[in-house]
Structure formats: structure tokens, C-alpha cells
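Step one of this worksheet: look at the structure below.
Quick caveat: nothing in here was measured; it's all calculated off a predicted structure. Proteins come first, then strands; the chains are lettered A, B, ... in the order of their sequence lines, and each starts at number 1.
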Protein chains: 2
Amino acid sequence: MQKPTIKYVAKEANVSIATVSRILNNGVGYSEKTKKLVLETIQQMGYSPNAIARGLINKQSNTIGVLMPEISGLVSADILQGIEKAAHSQGQSVIVCNTAPFGNQTMDYLKLLQEKQVDGLLFTSQFLTTEHSTYIKQMDVPAITISAYSNDKTIPAVRVDDEQAAYDAVQYLIKRGHRHIGMISGSPDDPLAGSPRINGYKKALYDHHIEYDDSKIAWRYGFYFEDGREACSTLLQKHPNLTAIFAASDELASGAIAACYESGLSIPKDLSLVGYDGTKLSKMTHPALTTVSQHFVEMGETAVNLLLKPIQDTKYRSGAIIQHQIIERASVRTIN
Amino acid sequence: MQKPTIKYVAKEANVSIATVSRILNNGVGYSEKTKKLVLETIQQMGYSPNAIARGLINKQSNTIGVLMPEISGLVSADILQGIEKAAHSQGQSVIVCNTAPFGNQTMDYLKLLQEKQVDGLLFTSQFLTTEHSTYIKQMDVPAITISAYSNDKTIPAVRVDDEQAAYDAVQYLIKRGHRHIGMISGSPDDPLAGSPRINGYKKALYDHHIEYDDSKIAWRYGFYFEDGREACSTLLQKHPNLTAIFAASDELASGAIAACYESGLSIPKDLSLVGYDGTKLSKMTHPALTTVSQHFVEMGETAVNLLLKPIQDTKYRSGAIIQHQIIERASVRTIN
DNA sequence: TTGAAAGCGCTACCAC
DNA sequence: GTGGTAGCGCTTTCAA
């Protein structure tokens with residue numbers, strides 16, 4: 001049995017396909033009577049319009065493509081959630097693409113999404129090369145980055161002010177009496193989540209007249225648990241007198257917690273700790289992490305809105321900065 | 001500037017569109033010379049085929065739809081990762097749909113995906129009603145459930161044998177000398193992740209001649225941190241002599257850990273704990289959780305393969321059971 | 001208020 | 001080997 005098409009519906013209802021089409025698209029130009037008749041026929045035949053055929057004519061797919069490394073990360077998953085929500089509420093579907101950090105996976109996906117005629121592109125937590133942005137330009141679809149880094153500044157970016165957020169985190173510690181503050185970080189060469197946070201850390205120290213010491217930053221290439229554990233353990237060995245550590249991700253912080261348990265340090269009694277991201281992990285550790293929360297779901301939503309709405313407001317031409325927020329929990333102690 | 005179409009490429013290269021099409025689709029019926037010429041023209045014009053037009057003819061979208069509640073959950077995210085990986089390697093794109101547990105969100109998405117002519121449907125962690133499965137049948141696309149529950153047994157299911165897995169977890173505790181074992185669980189009315197695990201718990205006790213006591217199961221509707229914390233605290237109050245608890249999810253277990261800290265209990269010294277799921281959370285808690293690992297990424301991959309491959313092997317007609325595995329970490333102590 | 005028909009970009013059939 | 005063309009299911013003029 002063939003699936004019914006508009007043609008078939010028209011025949012059954014004894015009207016033209018044009019009329020059916022009009023009714024389907026809420027246009028005008030038909031009597032209530034025919035409308036009722038057609039709608040009934042559709043119902044009865046179980047007709048479902050073919051979005052592909054529609055797309056061919058309308059030149060739009062009502063689909064946006066999302067490119068992200070590691071879908072299953074706490075951060076990515078939250079962003080994706082926000083994206084899907086906002087997209088769906090605006091009649092768009094979301095195609096997810098899991099890009100590998102190496103190779104030209106991203107280019108391959110870009111080509112694929114171009115063929116699929118996506119109406120927009122979202123890049124999450126990714127470094128956008130010039131090759132990428134050049135290709136996007138040629139694709140002629142709107143694109144927005146989320147927590148990503150691009151050389152091409154004409155692509156709007158939705159992000160948190162990482163430097164300021166890190167600054168706030170460190171200042172938070174300073175205000176609670178800490179002066180021996182270490183940092184666990186991603187790579188200083190990472191322009192995305194590495195250097196900005198390191199800079200914020202440095203700046204906060206500087207502004208509060210605390211001497212900066214290179215060796216008080218322990219960095220790894222990743223932002224994961226194991227990275228945090230190793231980095232923290234290294235840091236503690238080098239600087240046993242640290243009273244606080246700022247970790248550039250909640251996962252790093254959770255690793256730091258593990259390292260502290262291993263070396264018999266109690267948090268926050270012996271060492272205070274501030275995380276970063278505000279993922280659900282941060283409330284599940286023990287002690288619960290005081291952390292800098294990024295509103296990932298909101299970031300995803302904002303990005304979609306910026307992508308889909310014709311950019312009338314020049315204010316958002318270059319994207320949006322989402323406010324971060326320090327969530328106080330139990331991992332920081334105040335020194336008198 | 002219009003985007004170049006196949007027609008335009010044909011004109012530029014002085015061949016027919018039929019020839020271009022053949023070359024594009026790796027068919028036969030053209031000389032090496034024309035192939036080279038056409039490919040060069042394509043390259044030079046920056047032509048990209050239109051998958052929508054293709055789809056209209058081929059009656060396929062090379063897209064599969066994934067429906068899941070809560071994209072951002074640890075479990076869902078892992079499954080999605082596996083799905084995307086396997087789908088992409090088979091030339092399929094993935095549309096994610098975040099279904100709310102209430103309302104008829106799922107039906108709406110189903111209709112949408114039907115219009116988009118998806119080639120397959122994947123249901124994750126969801127309860128499939130008869131209305132759903134009836135609609136799917138009528139859509140005439142293959143569908144598979146992953147860690148889901150459906151009344152319609154003709155829909156292949158990819159899952160872990162939850163009862164057996166829970167059984168193994170509890171038996172693991174029993175073999176380590178525990179006899180006072182409580183359970184923190186989802187709702188007994190939840191046929192998906194509730195009752196099977198509870199049954200496994202009961203059965204293990206029974207098989208090892210340990211009396212079953214209803215009140216040693218504390219359940220909540222959710223499987224989250226707060227649920228676990230509350231449930232554990234309730235349980236501990238009622239049964240202070242428990243030496244072990246089996247939690248029906250890692251998040252529940254992490255909540256249980258928090259509850260233990262609050263009541264001054266040390267894990268595993270005072271209380272042993274086994275989690276469920278094997279999410280990345282389980283290695284980030286302190287102590288690291290001994291847990292029953294479900295291979296979520298593999299489950300996603302398997303589901304896609306089953307969905308896309310014509311089902312030649314009757315063995316998989318009804319789906320696949322993915323092996324679970326107990327990962328031993330630091331949350332269980334052996335009683336002598 | 002309605003219908004006929006062109007055409008979106010492509011594939012596949014048939015003819016040469 | 002190659003080209004002409006019907007037609008996938010739909011929207012949208014243009015006429016009636």
C-alpha cells in the first residue's frame with residue numbers, strides 16, 4: 001500500500017491539489033465547506049504531508065545542524081538540551097554531529113549538512129578554523145558559535161566571559177581570606193577554555209596584590225576527572241601551603257577532590273576548592289562544589305534564537321554574553 | 001548569486017544532467033575523460049548536491065529520529081553518542097527529539113518525523129504506549145527501543161537484562177558477607193527501570209535464603225541525586241543495621257553517599273554501596289562506586305545497526321540483550 | 001472560490 | 001557513452 005499523497009487526497013475529496021495545499025498551509029481562498037471536507041478526507045486517509053517535497057520548493061529544511069565534540073559530556077549535553085528545546089519551539093529540528101577533535105571530521109559534516117540544506121549551523125565547544133569559516137560563508141547559511149573559538153569574528157558568538165568568570169571565582173576566594181591560591185587548568189594554548197580562565201586568575205591575583213607564581217598553575221590538555229586528580233596531586237606536592245584551588249571545570253575539581261582524599265586533606269578544612277561550569281556533577285560531589293555556573297541550557301536557547309530570528313537588533317550582531325554566576329556550596333572555607 | 005544546481009554544472013561542462021548524475025552516483029556509463037571534466041567543473045563551481053531533491057526521488061531521507069526524555073542525562077547522553085557514531089558511519093544523520101514525559105509530546109514528534117520522512121525511529125528510556133506503537137506501524141518505518149518499555153512486543157528492543165543485573169549486584173554484596181541489604185529504587189510501577197531491578201533484588205535475597213523485607217526498599221519516582229539522598233536517609237533511619245545498599249542508579253547512589261556523609265557514616269566502612277549504570281559519575285564520587293555497568297554507547301550502536309541492517313538473522317528479530325558488567329571500585333567492603 | 005500547470009533539483013528510464 | 005525527459009510530492013502563479 002502506497003502512502004497517500006496530496007494528489008490522492010485531492011482526488012478522494014473531488015477538489016484540486018491546489019485547494020488541498022491551500023487548506024494545509026492555512027492560506028486563504030476556499031470555502032469552509034471544502035475545508036471541512038478536505039480535512040476529513042485527510043484524517044480518514046491518514047495523510048501526512050511530505051516535508052521533503054515541501055523543502056524542495058520552499059528551499060528550506062526546517063532543520064539546523066549542531067556540531068559538537070563529545071555529545072556525552074556534561075557541558076555539551078546541557079547545551080544540546082537548550083538547543084533542542086528552542087529549536088523545536090520554533091519549528092526546527094536538530095541534527096547532531098559528533099565531531100572528532102582531529103582529522104577533518106568537521107569539514108565532512110559541514111558538507112553533509114550543506115547537502116541536507118540545513119537552515120542554520122551551531123558550533124559548540126569547538127575551535128573554528130579559517131577553513132571552516134570560509135566554507136560556512138560559502139554555504140550561505142547563518143552560523144553561531146557557542147562556547148567556541150573562531151578566528152572569524154563575523155560569526156556571532158554566544159558565550160560566557162570566561163576571563164571575568166575566572167576572575168570572579170578567584171576574587172571570591174581572596175575575599176574569603178585566601179592568599180595562597182593555586183589553579184588547575186586546561187592548556188594555556190587553548191584559546192577557548194584555557195587561556196581566558198588563566199588570565200582571569202592572574203588578573204584577580206594582580207588586582208589584589210598577590211604575587212603571581214607560574215608554578216601554582218597545573219594544567220593538562222583535558223578537563224576531565226583524571227586530569228584534575230593528577231594536576232591537583234602535582235600541585236599539592238609542589239605547594240603544600242596552598243589554602244585554595246580554582247579548578248577550570250567541575251570535572252577537574254572532582255578529580256581534585258579525589259586527590260585530596262588520597263593525600264588525607266579535608267575539603268574545605270584543609271583546602272578550599274572552587275569549580276567551574278555548574279554542571280550537575282558539582283552538587284553531587286562531597287563536599288558539594290562551590291562553582292562558577294555557566295547557564296548552558298540558556299546558552300543553547302539563546303544561540304538558536306539568534307540564529308533563527310532575523311537579526312534586527314544590531315546589539316546582537318556579534319552574539320551574546322551569557323551571565324555567569326557563582327553558586328555557593330560547601331567546598332570553600334573562610335579564613336579569618 | 002544562486003547556488004549552482006546539477007543543471008548548471010551540466011551546462012558548464014557541456015554534458016547532459018544525466019551524465020553528471022551518473023558520475024555523482026558512481027554509476028557506470030561515462031568515459032574517464034568526461035568524468036574528469038565534470039568533477040573539475042563541480043569543484044570549480046563549488047557545486048553541492050541537494051539531498052532534499054534526492055530524497056524526494058529515492059524516498060528516503062538518510063535520517064533517523066531519536067526520541068528521548070532528557071537529553072542531558074548521563075545515560076541518555078551516552079546512548080546518543082553511540083547512536084550518532086553508528087548512524088554517521090552508515091551515512092545516516094540523527095535528529096534528536098526531547099520528549100517530555102507528560103502530554104503528547106511524543107505523538108507530536110512522531111508526526112513531525114513522519115513528515116520529515118525519517119528512515120527509522122529510536123526510542124530511548126521511554127515508555128511506549130499503544131497509541132505510539134500503532135502510529136509507528138502506520139508510519140511504516142522500522143523502529144527500535146533502547147532501555148525502553150513497550151506493550152508492543154513486535155518492536156525490537158535493545159536492553160540490559162535489568163532483573164539479572166540487579167540480581168548480580170545484590171548477589172555480589174551477599175557473596176561479600178552482607179545479609180542486611182537495603183535498596184534504593186525507582187517506582188515499583190515503573191516497568192522500565194523500577195520493577196525489574198526490584199525483582200532482581202528480591203530474587204537474589206530469596207536464592208540466598210535471606211528474608212525479604214518490604215520496608216528495606218526505599219523508592220522515589222526519580223532516579224536523581226536528591227531522590228537518592230532522601231531515600232537513603234529514610235532507609236537508614238528505619239534500618240540502622242543495614243550493612244549494604246543497592247542503588248538503582250549511580251545518581252541515586254551519589255545521593256546515598258551524601259546522606260551517609262550527613263549521618264556520619266563512612267563508606268565502605270560502615271555501609272557498602274553498589275550503584276547502577278556505570279556512568280562517568282560512578283568514578284567521580286568518593287569513594288568511587290562499585291557499580292553495575294550498562295554499556296550505553298554500545299547499546300546505541302547496536303540499536304542503529306539493528307535498525308538499518310535488513311534483519312536477516314531471526315536471532316535479532318526481537319532485539320538484543322547487551323551484557324552488563326560489575327565494575328569493582330571502592331564502595332563495597334567484604335565482611336568476614 | 002477553485003483548478004491547471006509550471007517547476008523546485010534530482011534520478012532513472014529509454015533512446016540513440 | 002551519452003542525452004532527453006518523465007516524474008518524485010509539493011507550492012504557487014495565473015486564469016477562470
Side-chain angles (χ1 to χ4, degrees), chain A residues 1-39 41-42 45-63 111-112 114-119 139-140, chain B residues 1-39 41-42 45-63 91 112 114-119 139-140:
Chain A
M1 195 193 95
Q2 248 344 80
K3 264 195 245 168
T5 67
I6 195 174
K7 200 167 158 186
Y8 205 63
V9 172
K11 197 202 273 178
E12 281 308 282
N14 272 314
V15 295
S16 71
I17 55 173
T19 300
V20 178
S21 176
R22 285 191 200 100
I23 293 170
L24 244 27
N25 295 287
N26 280 321
V28 282
Y30 47 80
S31 65
E32 269 307 308
K33 202 174 125 200
T34 36
K35 176 175 179 182
K36 185 153 173 279
L37 171 65
V38 168
L39 254 23
T41 315
I42 285 177
M45 301 182 64
Y47 165 75
S48 160
N50 184 328
I52 299 224
R54 272 187 178 159
L56 186 56
I57 280 202
N58 300 334
K59 289 171 183 317
Q60 53 168 305
S61 58
N62 291 320
T63 302
K111 285 171 191 161
L112 188 69
Q114 179 178 31
E115 296 193 2
K116 298 227 164 172
Q117 316 293 123
V118 292
D119 298 344
M139 280 177 71
D140 198 32
Chain B
M1 193 192 95
Q2 248 344 80
K3 264 195 244 166
T5 68
I6 194 173
K7 201 166 157 186
Y8 206 63
V9 171
K11 197 202 273 178
E12 281 308 279
N14 273 313
V15 295
S16 71
I17 54 173
T19 300
V20 179
S21 177
R22 282 190 203 101
I23 292 171
L24 244 27
N25 296 288
N26 280 321
V28 283
Y30 47 80
S31 66
E32 270 306 307
K33 201 174 124 199
T34 36
K35 176 175 178 181
K36 186 154 171 276
L37 171 65
V38 168
L39 254 24
T41 316
I42 285 177
M45 303 183 62
Y47 165 75
S48 161
N50 184 327
I52 298 220
R54 271 186 180 159
L56 186 56
I57 282 202
N58 299 335
K59 290 172 182 317
Q60 53 169 302
S61 57
N62 290 320
T63 301
L112 187 69
Q114 178 178 32
E115 296 193 2
K116 297 228 164 173
Q117 315 295 121
V118 292
D119 297 344
M139 280 177 71
D140 198 34

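With sequence neighbours excluded, no residue forms a side-chain hydrogen bond (donor to acceptor under 3.5 Å, both in side chains) with B/T5. The side-chain contact (heavy atoms from CB on, under 4.5 Å) test applied to B/K36 returns B/E40, not counting sequence neighbours. By the side-chain contact (heavy atoms from CB on, under 4.5 Å) test, A/I23 is found to be paired with A/T19, A/Y30, A/K35, A/V38, A/L39, residues two or more places apart in sequence or in another chain being considered. Residues passing the side-chain contact (heavy atoms from CB on, under 4.5 Å) test with A/I6, sequence neighbours excluded: A/I17, A/V20, A/S21, A/L24, A/Y47. Partners of B/L37 by side-chain contact (heavy atoms from CB on, under 4.5 Å), not counting sequence neighbours, listed by chain and number: B/A13, B/T41.
Taking every nucleotide of DNA chain D with any atom under 4.0 Å from a non-hydrogen atom of chain B, the first and last of them, 5' to 3', are D/dG1 to D/dG9.
Within 4.0 Å (heavy atoms only), A/Y47 reaches sugar-phosphate atoms of the nucleic acid but no base atom. When heavy atoms are screened at a 4.0 angstrom cut-off, B/V28 is found touching no nucleic acid atom at all.
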What pairs of nitrogen or oxygen atoms, one from the protein and one from nucleotides 6-8 of chain C, lie under 3.5 Å apart?
from: C/dC8; atom 1: O3'; to: A/K59; atom 2: NZ; distance (Å): 2.9

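Residue pairs satisfying the salt bridge (charged side-chain N to carboxylate O under 4.0 Å, His left out) criterion with at least one member in residues 9-23 of chain B, sequence neighbours excluded, are absent.
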What donor-acceptor contacts under 3.5 angstrom involve side-chain atoms of residues 52-61 of chain B, with partners at least two apart or in another chain?
from: B/N58; atom 1: ND2; to: B/R54; atom 2: O; distance (Å): 3.4
from: B/S61; atom 1: OG; to: B/T63; atom 2: N; distance (Å): 3.4
from: B/S61; atom 1: OG; to: B/Q117; atom 2: O; distance (Å): 2.7
from: B/S61; atom 1: OG; to: B/D119; atom 2: OD1; distance (Å): 3.4

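Rounded to the nearest 0.5 Å, atoms CE (B/M139) and CD (B/E115) are 10.0 Å apart.
Note on the helix from C/dT1-D/dA16 to C/dC16-D/dG1: angle between the axes of the first and last five pairs equals 40°, rounded to 10 degrees.
Taking atom OH on B/Y30 and atom C1' on C/dA12, their separation rounds to 15 Å, with Å as the unit.
Closest non-hydrogen pair, A/P4 versus A/G46, comes out as CG-O, 4.0 Å. Scanning both residues, A/A10 and A/S16, for their nearest heavy atoms gives CB-C, 3.7 Å.
Near DNA chain C, meaning a heavy atom under 4.0 Å from it, residues 18-25 of chain A has A/A18, A/T19, A/R22 in order of number.
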